[in-house]
Amino acid sequence: MKAFGIINKDEIEEINKTIQSGITERTKDIYERRLEAGKKQFMGNHKLRNQEINLEYQPKRSGRKMWCYSKNIERRKRFISWVKELAAEAREVYRAWQNRDTKRAMPIGMFAPRMPVQGNLIFC
């Protein structure tokens, strides 16, 4: 209100009430239109934060992604098999963690996930 030069407290309260009633009416109107259209209630906070920015974009490309671009076929095959072995080793370590063997370390170059929950502490 200061930016608009409004300093009278009664006028500020009146403007705030007008804005709040406008928001309430607009929310009710949108909610009623959603119910008429057969849509569910509004999205929750978590879903709203995690949705994509551009919902209208649909990629046209489908198929497999290349892991490695190389003209040398043998080198590419060796690299891909090395990556698969590394991922298999990381899976093995994570399974060991799930079985309470936390002494094993993730292979170098792999990001370790959160440690599995071993138990809960209950406070009485």
Side-chain angles (χ1 to χ4, degrees):
M1 299 296 170
K2 290 178 184 176
F4 295 108
I6 303 170
I7 54 174
N8 186 355
K9 289 185 179 181
D10 295 331
E11 193 174 355
I12 290 173
E13 286 180 20
E14 184 180 328
I15 291 171
N16 283 339
K17 285 180 184 177
T18 306
I19 291 171
Q20 288 175 350
S21 65
I23 291 171
T24 305
E25 289 175 20
R26 178 75 194 252
T27 304
K28 285 180 184 177
D29 183 44
I30 292 171
Y31 180 72
E32 289 171 2
R33 277 194 268 147
R34 287 182 64 84
L35 287 179
E36 288 173 5
K39 294 183 180 179
K40 295 181 181 179
Q41 293 182 2
F42 296 111
M43 255 186 256
N45 185 21
H46 183 72
K47 188 173 181 181
L48 188 62
R49 285 177 189 250
N50 291 326
Q51 77 175 357
E52 296 179 19
I53 294 173
N54 188 359
L55 298 176
E56 297 167 3
Y57 172 74
Q58 293 293 325
K60 293 174 179 59
R61 185 180 181 278
S62 63
R64 296 181 140 190
K65 292 182 180 178
M66 291 295 293
W67 289 15
C68 171
Y69 292 105
S70 175
K71 289 183 179 181
N72 187 336
I73 295 171
E74 279 303 311
R75 182 179 291 168
R76 185 175 68 227
K77 287 181 180 180
R78 276 197 321 263
F79 174 76
I80 291 172
S81 65
W82 173 76
V83 169
K84 287 182 178 181
E85 288 171 11
L86 189 65
E89 186 181 347
R91 268 192 304 274
E92 232 177 87
V93 170
Y94 186 66
R95 286 191 186 116
W97 286 0
Q98 289 173 329
N99 293 326
R100 296 185 176 95
D101 178 18
T102 56
K103 294 176 184 169
R104 296 180 62 184
M106 272 290 163
I108 295 174
M110 301 300 281
F111 290 102
R114 180 177 68 81
M115 293 291 282
V117 177
Q118 300 292 325
N120 294 326
L121 181 62
I122 300 174
F123 292 99
C124 295

Practice task
Report yes if the side chains of Cys68 and Arg75 come closer than 4.5 Å at any heavy-atom pair, otherwise no.
Solution key: no
Practice task
Please tell me if the side chains of Asn72 and Glu74 come closer than 4.5 Å, counting only heavy atoms from C-beta onward.
Solution key: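 In contact.
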Handout entry: Pair Ile30-Arg26, side-chain contact (heavy atoms from CB on, under 4.5 Å): steps then yes or no
Key = CA-CA 6 Å; Ile30 292 171; Arg26 178 75 194 252; 3.7 Å; yes
For residues 76-85, which side-chain N or O atoms pair as donor and acceptor with protein atoms under 3.5 Å away, sequence neighbours left out?
from  : atom 1 : to    : atom 2 : distance (Å)
Arg76 : NH1    : Ser70 : O      : 2.9
Ser81 : OG     : Lys77 : O      : 3.2
Ser81 : OG     : Arg78 : O      : 2.9

Hey, what do you get for [atom1] ([X]) to [atom2] ([Y]), rounding to the nearest 0.5 Å?
X: Glu32; Y: Thr27; atom1: CD; atom2: OG1; value: 11.0 Å
X: Thr18; Y: Ile23; atom1: OG1; atom2: CD1; value: 11.0 Å
X: Gln20; Y: Glu25; atom1: CD; atom2: CD; value: 12.5 Å
X: Ile12; Y: Lys2; atom1: CD1; atom2: NZ; value: 8.5 Å
X: Phe4; Y: Ile15; atom1: CZ; atom2: CD1; value: 9.0 Å

For the residue pair [X] and [Y], what are the closest heavy atoms and their distance?
X: Ala105; Y: Val93; result: O-CG2, 3.6 Å
X: Pro113; Y: Trp97; result: O-CZ3, 3.8 Å
X: Ala87; Y: Met110; result: CA-CE, 4.2 Å

Test salt bridge (charged side-chain N to carboxylate O under 4.0 Å, His left out) applied to [X] - qualifying residues, sequence neighbours left out:
X: Glu89; value: none
X: Arg104; value: Glu92
X: Asp101; value: none
X: Arg114; value: none

Problem - Residues in side-chain hydrogen bond (donor to acceptor under 3.5 Å, both in side chains) contact with Arg33, at least two apart in sequence or another chain - result: Asp29
Problem - side-chain contact (heavy atoms from CB on, under 4.5 Å) between Ile7 and Met1, intermediate numbers included - result: CA-CA 7 Å; Ile7 54 174; Met1 299 296 170; over 6 Å; no
